[in-house]
Amino acid sequence: MRLSSLRIFVQIFCLLGFLVLFLLTEYRGQDSLQYPVSLLFRIDPLAALAAALAPGAFSLGLLWPALVVVALTFILGRFFCGWICPLGTTLDGMGRLVGRGRGRNVKPSWRRLKYLLLAALTAAGLFGLQLFGLFDPLSIFLRTLTLSLYPAFDLMMNAVFDFFYQHDVPLLSSLVNGSYDFFRQYVLAFHPPVFTLGLLTLAVFILLIVLEKIERRFWCKNLCPLGALLGLCSRYALLQREPSATCSGCASCLQNCRSGVDNDGRRHPDECLVCLDCGGFCPQEKVRFQWGTPRPSAGVDLPRRDLMVAVATGVLVAPVARAAPAPADRRSYLLRPPGALAEDEFLRRCIRCGECMKVCIGGALHPALLEAGAVGLWTPRLVPRIGYCEYNCTLCGQVCPTGALKLLPLEEKRKFVLGIAVFDQDRCLPFARREECLVCEEHCPTPQKAIVFEEKKVQTAEGVRTLKIPRVVADRCIGCGICETRCPVEGASAIRITNEGETRRERDPWS
């Protein structure tokens, strides 16, 4: 049980480490992040697989830690699932709260679902459609933190500080107010984070927790494609569970096994999470993990027909999804972060982790629902009416773990065109109401203003007057969106950013 306690300690330590890295993924007054905040995804084999199947060169410099995890899995088995995975640790902890099912009604054949899902996702990836990010447990974990849990936590903490600042509660007010500087510096967000799809993201996370009532670690056992990938790598691991020759055969270890290694009467080392609990379940302490030559495994029970259906599904879905018109051609307001690759490669590299959204200073990046098509779910898009791309910021490129967003030098980033501003003359105050408004020009960050004014004589109710009429200088506008954000017109902005002329597109009408 001492080794099992060590495993729990390591789980908690890794989870807290990932939470610390998450908190460090925040603007703290400098345009550089001093810590490897994207480490969680650099050790993610699914992220590495997605990057390997994407067009372009594989970035070994970014994802070599994932290859180390795979290599260790060949030696230690699925240690990542049992010791490191933050979603697995969360399910272990939350399962105690919601109550765990015994799993007696879950047939062993359900285990093959994760392998079939991995096969379908890989086949789709080979044919140009990357969906790993929708099912990657690390993406699910971090996406939930970014879009749902952390914004709620930040909102509640600020409400607590506001209450104790406004009400003098003996002892508590001085204590809470005294801790504000620490929380503001290290825990709370630079700006209160708000995101679209927060409820949808939370619903998916809650569903995975509720599945614990059916079976302990239901997601890990039956659905997780990362678990399937690591399971394939661990079939012949050198570290094996070996019962003693004097084992009484009480099967206590098998009945209590969280991963059901032998639940069908056959040996499945690929299902073992190396949690080390089985040694504590044995009344005679006869179960040991030791090094040795791998014994024969029952293998993965995948009927050929089921496997062919899974692969065929991935092969069919990919070209059907890609046969649609390009999102940029049918969605003029689909804007991607600076440094984004061309849309096809971007969708095949983006793991939907939410790191770029978390770190965005201007609060401009939000997850897409259907704005980029069904295959673009949870990919980052810039929503200028909510926030803008800060002219002097390169943080999103620093945190992207797969290279879907290139890390641009500041000077290059300032020239990266996200789109172009277009006036809606039916809403713009100088056009529609003959009222002077200088807001968009005042906030334009380019050295030579991309929005200029032309003085024109116009007819108003008071007579003829000279009015400054705004105009966009196309070859200066980079589409940062601050003009749309700051536009004082209520509701839809009177100036919108379209993706016309964006740098990442091969067809650039301004070149």
Side-chain angles (χ1 to χ4, degrees), residues 41 44 46-60 62-63 120-136 139 143 225 311 313-357 365-383 389 396-397 399-408 412-413 416-420 479 497-511:
F41 288 94
D44 182 2
L46 269 190
L49 180 58
L53 296 179
F58 178 77
S59 179
L60 184 61
L62 283 177
L63 296 169
L121 295 177
T122 304
L126 287 170
F127 282 82
L129 178 63
Q130 192 270 106
L131 298 175
F132 288 109
L134 301 180
F135 300 93
D136 184 0
S139 292
R143 195 162 58 225
V311 172
T313 300
V315 171
L316 179 62
V317 168
V320 170
R322 297 184 64 200
D329 294 334
R330 55 195 169 113
R331 294 176 176 87
S332 299
Y333 300 110
L334 174 62
L335 307 172
R336 294 301 191 185
L341 302 175
E343 185 69 8
D344 182 60
E345 185 175 357
F346 174 80
L347 289 175
R348 295 179 66 179
R349 286 190 177 274
C350 178
I351 199 68
R352 283 82 164 165
C353 64
E355 291 269 38
C356 56
M357 305 177 211
L365 298 183
H366 294 263
L369 181 59
L370 297 176
E371 293 83 0
V375 299
L377 179 63
W378 277 307
T379 57
R381 67 185 184 101
L382 192 144
V383 186
C389 181
C396 58
V399 300
C400 182
T402 61
L405 303 179
K406 295 184 295 184
L407 175 56
L408 302 175
E412 185 178 346
K413 187 266 179 182
F416 193 94
V417 178
L418 305 177
I420 188 173
I497 308 299
T498 72
N499 54 30
E500 180 182 351
E502 56 184 354
T503 298
R504 71 194 188 109
R505 297 175 67 179
E506 296 180 1
R507 175 172 52 83
D508 187 354
W510 307 115
S511 62

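As a basis for the values below, the full set of heavy atoms in this structure was taken, side chains included, without hydrogen atoms, waters or symmetry mates.
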Starting at [atom1] of [X], measure out to [atom2] of [Y] and round the result to the nearest 0.5 Å.
| X | Y | atom1 | atom2 | answer |
| --- | --- | --- | --- | --- |
| Leu341 | Arg336 | CG | CZ | 11.0 Å |
| Glu371 | Leu335 | CD | CG | 11.0 Å |
| Ile420 | Glu502 | CD1 | CD | 12.0 Å |
| Thr402 | Leu46 | OG1 | CG | 12.5 Å |
| Leu129 | Asp344 | CG | CG | 9.5 Å |
| Leu418 | Glu500 | CG | CD | 14.0 Å |

Would you say that [X] contacts [Y] through its side chain, given a criterion of any heavy-atom pair below 4.5 Å between the two side chains?
| X | Y | value |
| --- | --- | --- |
| Cys389 | Lys413 | yes |
| Leu369 | Leu377 | yes |
| Tyr333 | Ile497 | no |
| Phe41 | Cys400 | no |

Ignoring hydrogens, what is the shortest heavy-atom contact between [X] and [Y]? Give both atom names and the distance.
| X | Y | value |
| --- | --- | --- |
| Gly501 | Val417 | O-CG1, 3.4 Å |
| Leu408 | Pro338 | CD1-C, 4.2 Å |
| Ala124 | Ala318 | O-CB, 3.6 Å |
| Cys356 | Leu365 | O-CD1, 3.6 Å |
| Ile351 | Ala47 | CD1-CA, 4.0 Å |
| Gly128 | Arg322 | O-CD, 3.3 Å |

> So, the side chain of Thr503 versus the backbone of Phe416: is there a donor-acceptor pair under 3.5 Å, distance only?
Replying inline: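 Pair absent, no side-chain N/O of Thr503 close to backbone of Phe416.
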> With no hydrogens and no angle check, is any side-chain donor or acceptor of Arg349 less than 3.5 Å from a backbone partner on Gly403?
Replying inline: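 Checking the backbone N and O of Gly403 against the side chain of Arg349, no donor-acceptor pair under 3.5 Å is found.
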>> Under the rule for side-chain contact (heavy atoms from CB on, under 4.5 Å), what residues qualify as partners of Pro55, not counting sequence neighbours?
In response: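 Pro55: side-chain contact (heavy atoms from CB on, under 4.5 Å) contacts with Glu345, Arg348.
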> How would you list, by chain and number, every residue that makes a side-chain contact (heavy atoms from CB on, under 4.5 Å) with Cys350, sequence neighbours excluded?
Replying inline: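 Testing Cys350 for side-chain contact (heavy atoms from CB on, under 4.5 Å), a comparison that skips the adjacent residues, returns Phe346, Arg352, Thr379, Pro380, Ala404.
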> Taking NZ, NE, NH1 and NH2 as the nitrogens, is one of them in Arg504 or Glu343 under 4.0 Å from a carboxylate oxygen of the other?
Replying inline: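 Salt bridge between Arg504 and Glu343, a charged N being under 4.0 Å from a carboxylate O: yes.
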